[in-house]
Each structure stands twice: as C-alpha cells, then as structure tokens.
Amino acid sequence: MSSIQPVRGTHDLIGEDQRRHAHVVHTARRIAGVYGFDEWATPIFEDTRVFSRSLGDTSDVVSKEMYSFSDRDGESLTLRPEGTAAICRALVTNALTQSLPQKVFYAGPMFRHERPQKGRYRQFHQIGAELLGAAEPLADAEAIAMGYEVLKALGIADYVTLELNTLGDAASRDAWRDALVAYFSAHKDKLSEDSLTRLEKNPLRILDSKDAGDKVLVADAPMMAEFLTPEARAFWDDLRNKLDVFGIAYTVNPSIVRGLDYYNHTTFEFVTNRLGSQGTVLAGGRYDGLVKQMGGPEVPAIGWAAGIERLSMLLGQVPAAPRSVVLVPVGTPDESAVVQILQGLRGQGLRTEIGYKGSLRKRMERAGKQNASHVLFLGEDELAKGLFRVKNMETGAEQEVSRDTLLSKAQDVFAA
RNA sequence: GCGGACGUAGCUCAGCUGGUAGAGCGCCGGUUUGUGGUACCGGUGGUCGCGGGUUCAAGUCCCGUCGUUCGCCCCA
C-alpha cells in the first residue's frame with residue numbers, strides 16, 4: 001500500500017460512523033437548548049499560553065501531549081487539547097464577564113498527542129457545557145443533571161454510573177494536599193515508581209493508582225473529608241441534597257481528583273465498564289479560579305466535557321440512513337419533463353434522486369441498493385397521460401398517482 | 001513515553017513442518033431498457049503493510065520500521 005495513510009490517531013467519519021457522531025452532537029445540542037445553554041464556537045487553535053497557564057505546567061496534557069507549533073510570525077500556537085480554557089478566554093476577551101451567568105455549549109475537535117487506544121484518538125471530538133458565573137451548588141447540580149439527560153437521551157444512561165467527589169475550596173485542598181504529601185513521603189519506600197513521580201507532580205493522583213502496593217497505602221491515607229473547611233463542607237452537603245432533588249443517583253468516590261489543576265469543589269465522572277480502560281464517558285467539575293487566570297475577574301464556574309467517539313461507541317440504536325425517492329426513467333422520456341418532476345419533489349422537501357444510466361433492471365437494482373423508500377417510474381406513456389406508477393420498495397406495492405398530486409401533495413404520496 | 005498481540009484481495013478469513021496465492025461476501029457486466037432485494041452465468045480484483053537479512057527458494061524463518069489493537073501512564 002503506497003497510498004498516503006491518515007495520520008496516526010486520526011480517523012474519517014463516513015456512513016454509520018458519521019451518523020452516530022452527528023446523532024450525539026444533535027442530541028446534546030437539543031438538550032443543552034432545553035437547559036438554556038447557547039452554543040459557542042471558538043477557534044481550534046489558540047495562543048499556547050491559554051492552555052499552559054490554565055491546565056498546570058506539570059499536567060501531562062501540557063508537558064507532553066500538546067500539538068504546539070510556531071506560526072510564521074514566531075508566535076507559539078497550540079491546537080486546543082480541551083475546551084474549557086478556550087471558553088474562559090472567550091468569556092474574557094468578549095467582555096462577557098459583564099453579563100453573567102453565561103451558559104455555554106460547544107462541540108468540536110480537540111487534539112492530544114497520546115498513544116491511540118480504544119476510544120482515544122489524537123484528533124477526537126468533545127461536546128461540553130460550561131456554566132460561568134454561578135457559585136451555588138444548584139448550578140453544579142444543574143450541570144450534572146444536564147449531562148445525565150444527554151446520556152439518557154442517547155440511551156446509555158443504564159450502562160453508566162455517576163461518581164462524585166469534592167476537592168473542597170482552595171484552603172481545604174491545600175491542607176489536604178500537604179497532608180497527603182507528608183503521608184506518602186513518609187512511605188516513599190513502598191510507593192510504586194509511577195506514584196513516586198506523581199508525588200512530585202500531582203500527589204492527588206496517587207489515590208487513583210492501580211498498583212496493588214499503592215492501594216494498600218491509599219487505604220490509610222488522609223481523607224479529604226477531614227480537611228474540609230466549614231464552608232466547603234456546607235457546599236458539599238448542599239450539592240448532594242440538590243442531586244437528590246434532581247433525582248440523580250451517584251456514588252461518592254474519593255479518588256475522583258481530575259487531572260487538571262484548575263478544579264476545586266465538585267468533581268464528577270460518568271463511567272462505564274463497556275469501553276475497557278477508557279471508561280470515563282462524561283466528566284467535569286468546578287473551576288472557580290480559571291477565569292481569573294485568564295486575566296478576567298473572579299468568576300465561579302462549573303462544567304463538563306464528554307468524548308463523542310466514546311459516546312458513539314456506546315450508542316445502542318444506530319441512527320438509520322436516510323432514504324430517498326428514486327426516479328427511474330423508462331425508455332427515453334423527455335428530459336425537461338423528468339427534471340420538472342424531480343425538482344418539484346425536491347421543492348416539497350423530499351429527498352429525491354434520479355437513476356442516471358443502465359437498463360431498467362439495473363436502475364431498479366441500484367435503487368434497491370441505495371435503500372430507496374420508493375421508486376417513481378417515468379416513461380413516455382406516463383408523461384403523456386400525466387399518471388405515474390409509484391412503487392413502495394418495502395412492500396413492493398404500486399399505486400397510480402397523477403402529476404398534480406405529485407407536484408402538490410408529494411409528502412402524502414411518499415409517506416406510506 | 002513503556003509492555004503484549006496482530007498486519008494476506010474493498011470486507012471476513014484460509015494458506016500444513018519455507019517451493020513465486022485461494023474461498024465466501026462485495027463490486028462490475030449479462031439473463032432483449034416496463035420493474036429491485038432471490039436464482040443462474042461471466043468478469044474485475046493482492047509486488048502477501050514496508051525495508052533489509054537467512055536460503056537454490058519466504059506470505060511462511062530472523063531483524064528493523066510503519067500501522068492496528070489491548071494494557072500502563074494520562075485522559076473524554
């Protein structure tokens with residue numbers, strides 16, 4: 001094979017793949033609308049600092065996964081690895097911090113230079129929601145409820161469970177982090193190699209370790225709950241009450257710490273066991289400090305993102321391919337009369353195609369292969385009489401329809 | 001970035017202990033351009049991922065490389 005291959009970790013969306021993908025986006029967009037979110041589209045590349053500042057220099061995303069390059073002016077640009085930082089940048093640069101809250105929905109490609117795996121690609125696609133300018137747990141609950149609603153509408157809520165945790169406010173998180181570092185530092189000799197680097201870079205991540213030895217240590221590690229300030233505890237309690245009110249089931253999982261630096265208070269993940277080790281399907285949390293890092297004022301915010309590829313793979317019901325009405329000329333009918341009918345049907349909003357060549361038998365065969373819903377025969381006789389045969393390709397039944405009916409009530413004719 | 005498995009026609013695969021490739025499906029055409037999804041007939045289609053090596057001879061053994069896949073790290 002000497003033809004040029006697609007870049008590693010990228011893939012084409014064609015046919016059923018594209019239909020699954022589009023169905024996820026359309027469904028999420030619809031539900032976001034119901035919840036009062038507006039869709040934003042931001043550039044797919046940004047000043048590198050948009051991400052390097054916000055995600056944390058030591059996060060893997062920044063330190064080894066970004067697609068960064070300098071453009072012809074020598075400026076460092078980066079293909080966006082995630083959506084939240086860019087949305088916050090857009091909030092600030094469009095001066096929308098003056099009109100809060102902003103409820104934002106987005107969908108589009110993201111880029112991360114990782115080893116491809118099931119449900120993980122170098123160019124992948126996310127849908128996401130950000131609720132900017134609301135500090136109340138009600139906002140968290142609403143964001144989570146909306147995410148759940150999307151999963152439900154996609155028919156995958158049954159395979160998925162919500163895992164919830166709190167990181168507390170800055171004071172709680174710092175105190176806890178210090179306690180963890182102290183605890184794990186005292187047991188360095190028992191830590192796995194991976195966790196030793198985590199201890200330097202992101203100690204919270206040790207809690208998530210799959211190493212058996214680490215797990216033993218983690219069992220006795222200081223718990224976040226012990227370090228929550230009264231305010232943070234009140235927030236946490238309130239959030240769980242609100243989720244109950246929304247009727248959303250969850251399990252508390254203290255190891256949901258999220259990888260990116262900007263999170264505080266609420267963190268959550270909807271996870272499934274149907275995607276191997278890539279089980280996180282929709283995840284997010286609260287990030288009260290991020291907008292300020294982007295040079296804006298203090299704006300509390302909560303949001304989530306979901307991988308479209310992962311959601312697509314879980315879809316039970318594959319969206320059906322569209323079906324056409326196919327015009328089959330018989331003999332050599334007058335072309336302008338045929339086109340008149342073709343365009344007349346399209347004018348009424350019907351997906352209509354015409355068989356270009358081949359014997360009648362061939363054209364019928366093709367109509368069948370392209371999954372036509374109906375075939376409309378156009379022979380010289382029909383055109384002369386103004387009476388046409390319509391064949392339902394599903395049942396094989398035929399009926400006669402007048403030209404007038406075709407040109408004015410085609411929807412009714414081809415409904416059955 | 002690390003480890004395992006795999007890589008033969010568009011697709012799914014066969015090819016025994018090395019002797020220069022097969023099937024099914026698909027695709028194209030035909031069974032008189034007034035009728036498809038069935039049937040029958042015919043045809044197209046692979047420098048066996050790529051590059052080296054061993055050998056008289058490699059799809060079949062060895063090395064490398066690229067790609068896919070599963071897991072780790074990380075993450076959606």
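Excluded from the calculations below are hydrogen atoms, water molecules and symmetry mates; all remaining heavy atoms, backbone and side chain alike, are included. By convention in this document, chain letters (A, B, ...) are assigned in the order of the sequence lines, proteins followed by strands, and residues within each chain are numbered from 1.
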Aromatic Tyr159(A) / basic Arg274(A) pairing, under 6.0 angstrom, 45° off normal: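 Cation-pi check for Arg274(A) and Tyr159(A): passes.
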Using atom [atom1] in both nucleotides, what's the gap between [N] and [M] to the nearest angstrom?
{"N": "C63(B)", "M": "G26(B)", "atom1": "P", "value": "41 Å"}
{"N": "C61(B)", "M": "C6(B)", "atom1": "P", "value": "11 Å"}
{"N": "U54(B)", "M": "C27(B)", "atom1": "P", "value": "46 Å"}
{"N": "C25(B)", "M": "C40(B)", "atom1": "P", "value": "9 Å"}
{"N": "U68(B)", "M": "G30(B)", "atom1": "C1'", "value": "40 Å"}

G36(B) base / Lys391(A) side chain donor-acceptor hit below 3.5 Å: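 Donor-acceptor pair under 3.5 Å: yes.
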Base G34(B) to side chain Glu382(A), donor-acceptor N/O within 3.5 Å cut-off: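 Yes, the side chain and the base share a sub-3.5 Å donor-acceptor pair.
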Under the salt bridge (Lys or Arg N to Asp or Glu O under 4.0 Å) test, residues paired with Glu16(A) that sit two or more places apart: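 With sequence neighbours excluded, Glu16(A) shows a salt bridge (Lys or Arg N to Asp or Glu O under 4.0 Å) to Arg20(A), given in chain and number order.
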When we call it a touch if two heavy atoms are under 4.0 Å apart, what does [X] touch: a base, just sugar-phosphate, or nothing?
{"X": "Val375(A)", "result": "nothing"}
{"X": "Gln370(A)", "result": "nothing"}
{"X": "Glu398(A)", "result": "base"}
{"X": "Met110(A)", "result": "nothing"}
{"X": "Glu365(A)", "result": "sugar-phosphate"}
{"X": "Arg366(A)", "result": "sugar-phosphate"}
{"X": "Ala283(A)", "result": "sugar-phosphate"}
{"X": "Gly119(A)", "result": "base"}

Take the protein atom [atom1] of [X] and the nucleotide atom [atom2] of [N], then report the distance between them rounded to whole Å.
{"X": "Lys369(A)", "N": "G29(B)", "atom1": "NZ", "atom2": "P", "result": "8 Å"}
{"X": "Arg361(A)", "N": "U33(B)", "atom1": "CZ", "atom2": "C1'", "result": "12 Å"}
{"X": "Leu199(A)", "N": "C73(B)", "atom1": "CG", "atom2": "P", "result": "17 Å"}
{"X": "Arg112(A)", "N": "C73(B)", "atom1": "CZ", "atom2": "C1'", "result": "14 Å"}
{"X": "Asp194(A)", "N": "G3(B)", "atom1": "CG", "atom2": "P", "result": "14 Å"}

Heavy-atom pair with the smallest gap, counting every atom of [X] and [Y]:
{"X": "Val390(A)", "Y": "Phe414(A)", "value": "CG1-CE2, 3.7 Å"}
{"X": "Gln126(A)", "Y": "Gly83(A)", "value": "OE1-N, 4.2 Å"}
{"X": "Ala179(A)", "Y": "Phe227(A)", "value": "CB-CZ, 3.3 Å"}

Rounded distance (nearest 0.5 Å) linking atom CG of Leu314(A) with atom CD of Glu309(A):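 Result: 12.0 Å between the selected atoms.
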Can you tabulate the close N/O pairs, meaning under 3.5 Å, that link protein atoms to atoms of nucleotides 67-69 of chain B?
| unit_1 | atom_1 | unit_2 | atom_2 | d |
| --- | --- | --- | --- | --- |
| U68(B) | OP2 | Arg8(A) | NE | 3.0 |

Paired and unpaired positions of RNA chain B as dot-bracket, Watson-Crick or G-U wobble under 3.5 Å, | denoting a partner strand: (((((((..((((........)))).(((((.......))))).....(((((.......))))))))))))....
Candidate nucleotides C75(B), G34(B), G30(B), ranked by approach to the side chain of Lys362(A) - the nearest: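 Minimum distance to the Lys362(A) side chain belongs to G30(B).
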Stacked pair Phe377(A)-G34(B), distance under 5.5 Å, angle under 30°: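 Base of G34(B): not stacked against Phe377(A).
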